[in-house]
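Position 1 is the first residue of the sequence, and the numbers go up from there.
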Amino acid sequence: MSVWVAVIVAGLGSYSLRVLPFLAGERVHLSERAQAGLRHAGMGAITSLLVLGVVGLLRPGSGLQAVPVVVAIIAATVSALLGRSMLMTVLIGAAAFALASLLAGPVVQGLLGR
């Protein structure tokens with residue numbers, strides 16, 4: 001029962017946030033500073049999720065090697081700085097991770113003498 005209450009409350013909250021700008025219309029005017037903050041809020045949220053995910057991946061118990069994760073982050077960062085689209089940046093990061101994972105496996109095994 002409590003799960004359904006949470007789902008309904010979340011749905012109503014989401015609906016309210018989406019319909020509020022249409023209901024407020026021209027009556028509410030935001031300052032330029034508020035508009036600039038809202039314009040960058042989405043990217044800030046994505047960045048914070050990315051940082052939390054990377055911190056979790058780089059923990060010793062995660063089972064992932066750190067090198068492919070760092071290579072993917074660097075490749076995606078360069079792509080974003082060059083102005084590529086979000087889709088292209090994600091694809092470049094994923095490709096860099098896959099390539100670094102393929103290369104890091106034999107290199108690490110060779111260093112360990114396995």
Side-chain angles (χ1 to χ4, degrees):
M1 179 69 175
S2 64
V3 172
W4 283 109
V5 172
V7 168
I8 290 171
V9 169
L12 288 173
S14 175
Y15 180 76
S16 300
L17 288 174
R18 293 170 195 271
V19 86
L20 184 64
F22 293 115
L23 295 177
E26 295 293 321
R27 291 177 270 184
V28 176
H29 295 283
L30 297 175
S31 67
E32 289 295 322
R33 185 173 181 179
Q35 289 179 7
L38 289 174
R39 192 173 18 251
H40 298 294
M43 189 56 70
I46 290 172
T47 303
S48 66
L49 289 173
L50 175 68
V51 168
L52 289 174
V54 169
V55 167
L57 288 173
L58 293 180
R59 285 193 183 132
S62 71
L64 287 176
Q65 296 175 347
V67 173
V69 173
V70 172
V71 168
I73 291 170
I74 291 170
T77 301
V78 169
S79 174
L81 290 174
L82 291 175
R84 304 289 188 256
S85 69
M86 182 68 79
L87 176 62
M88 186 59 66
T89 299
V90 169
L91 290 175
I92 288 172
F97 179 82
L99 184 62
S101 294
L102 287 173
L103 294 176
V107 169
V108 170
Q109 289 177 359
L111 289 175
L112 295 176
R114 292 183 185 172

_Val71 and Phe97, any side-chain heavy atoms less than 4.5 Å apart_ = no

_Ile92 side, atom CD1; Leu87 side, atom CG - distance, nearest 0.5 Å_ = 9.5 Å

*asked:* Check for me, please, whether Tyr15 and Leu23 land in the same ILVMFWY cluster - side-chain distances under 4.5 Å, paths through other members count.
replied: yes

*asked:* Could you tell me if the side chain of Met86 sits less than 4.5 Å from the side chain of Ile46, heavy atoms only?
replied: yes

*With rounding to the nearest 0.5 Å, note down the distance linking CG in Leu91 to OG in Ser85.*
8.0 Å

*Nearest-0.5 Å distance, CD of residue Glu32 to CZ of residue Arg39*: 7.5 Å

*To the nearest 0.5 Å, what is the distance between CG (Leu82) and OG1 (Thr89)?*
9.0 Å

*Does any N or O in the side chain of Thr77 come within less than 3.5 Å of the main-chain N or O of Ile73, such that one atom is a donor and the other an acceptor?*
yes

*Of the non-hydrogen atoms in Ser101 and Pro68, which two are nearest, and what is the gap between them?*
OG-CB, 3.5 Å

*Exercise: identify the closest heavy-atom pair between Ala72 and Gly93*: CB-O, 3.3 Å

